[in-house]
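Each chain gets a letter, A, B and so on, in the order the sequences are listed, and its residues count up from 1.
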Protein chains: 2
Amino acid sequence: MDGPKVIRALGALAQEHRLAAYRQLVQAGPDGMAAGALAEALGVPASSMSFHLAQLANAGLVVQRRQSRSIIYSADYGAMNALMSYMTENCCGGAQCSSGSACDSTPTEAKDAA
Amino acid sequence: MDGPKVIRALGALAQEHRLAAYRQLVQAGPDGMAAGALAEALGVPASSMSFHLAQLANAGLVVQRRQSRSIIYSADYGAMNALMSYMTENCCGGAQCSSGSACDSTPTEAKDAA
DNA sequence: CCAATGATTCTATAATTATCGAAATATAGG
DNA sequence: CCTATATTTCGATAATTATAGAATCATTGG
């Protein structure tokens with residue numbers, strides 16, 4: 001995952017409704033959720049939800065598929081893992097690392113930058 | 001780390017100059033770097049750099065200390081780990097997880113939310 | 001083909017964020 | 001005390017992002 005893409009991903013998540021939407025999608029799992037269901041769950045107008053979902057999709061964090069009239073969104077775990085890898089590799093910069101939680105230093109490059 | 005704080009941290013990192021500054025600080029380690037040195041390293045005017053550093057500080061990602069005339073910034077690894085923990089815990093939502101890289105599921109709460 | 005449903009795109013507007021020169025503030029040294 | 005250095009704050013402006021109603025597009029069922 002390269003710089004610009006990381007910035008887009010971080011920016012996509014750095015917004016109340018989008019972070020909430022993403023969390024909702026993670027919770028929903030592979031089945032995903034329809035745009036309308038998300039809008040209702042978050043209490044956001046459909047057009048606004050669409051705007052936010054487009055940003056998440058543009059950042060590659062979610063994928064969409066049409067199912068009849070609905071468009072189903074689901075979280076792309078690969079993209080999130082790539083983002084986490086980038087952060088992990090760049091939050092300790094070769095130096096020591098606080099060991100406990102995140103920052104477990106995956107070698108150098110994520111194998112899959114979606 | 002709570003929602004609003006996560007959003008501020010993500011937003012702080014979701015910008016070219018700030019991500020670059022943070023990376024630079026991580027690389028610099030505990031010694032940190034002076035504001036002016038960062039500005040020069042990134043090729044950004046001092047006042048702009050100050051603006052960005054203020055955002056990183058507001059998000060708790062960096063700390064500052066005065067050393068004579070200079071103000072030295074350094075990365076706060078605790079905050080980054082808290083952010084990573086939040087993401088880790090919320091990118092797999094109790095469901096299964098792709099195992100390999102990030103997402104190694106630290107129990108439930110980070111002990112230190114700076 | 002027509003009406004109904006689900007979603008996006010358009011459009012306008014508001015709000016936030018970024019940029020950067022100039023002025024102000026703090027520290028050090030002579 | 002005065003000057004130089006390091007940084008921040010101010011102020012004005014540009015650019016980006018968010019909001020939401022209205023219009024449009026796609027799909028389904030009768």
Sub-4.0 Å heavy-atom contacts from residues 35-42 of chain A onto DNA chain D, ordered by number: none
Interatomic distance, Met33(A) CE vs dG6(C) C1' [rounded to whole Å]: 14 Å
Interatomic spacing from CG in Leu61(B) to OH in Tyr22(B) - rounded to 0.5 Å: 6.0 Å
Minimum-distance pair of heavy atoms, taken over all atoms of Gly11(B) and Ala14(A): N-CB, 3.3 Å
Set of side-chain contact (heavy atoms from CB on, under 4.5 Å) partners for Val6(B), sequence neighbours left out: Leu19(A), Met1(B), Leu10(B), Leu83(B), Tyr86(B)
Sugar-phosphate, base or nothing in reach of Ser50(B), heavy atoms under 4.0 Å: base
Nearest-angstrom distance from the residue atom CD of Gln64(A) to C1' of dT9(C): 14 Å
Ser48(A): partners by side-chain contact (heavy atoms from CB on, under 4.5 Å), with sequence neighbours left out: Val44(A), Pro45(A)
Ile71(B) CD1 to dT5(D) C1', straight-line distance once rounded to whole Å: 13 Å
Protein-nucleotide distance (Ile7(A), atom CD1; dT17(D), atom C1'), rounded to Å: 16 Å
Integer-rounded Å distance: dT17(D) P and Leu19(A) CG: 18 Å
Short side-chain to backbone donor-acceptor contact, Arg8(A) and Asn58(A), under 3.5 Å: yes
Atom pair CD (Glu40(A)) and CE (Met33(A)), whose distance is rounded to the nearest 0.5 Å: 9.0 Å
Sequence-aligned protein contact record of nucleotides 15-30 of chain C, with B where the base is within under 4.0 Å of a protein heavy atom and S where only the sugar-phosphate is: ---BBBBB---SBS--
Residues forming a side-chain contact (heavy atoms from CB on, under 4.5 Å) with Arg66(B), sequence neighbours excluded: Ile71(B)
Atom pair distance, as rounded to whole Å: OH in Tyr73(A) and P in dA7(C): 9 Å
Touch class at under 4.0 angstrom, heavy-atom based, for Ala34(A) against every strand present: sugar-phosphate
Which residues share a side-chain contact (heavy atoms from CB on, under 4.5 Å) with Ala39(A), sequence neighbours left out: Met49(A)
OH on Tyr73(A) to CD on Gln24(A), rounded to 0.5 Å: 15.0 Å
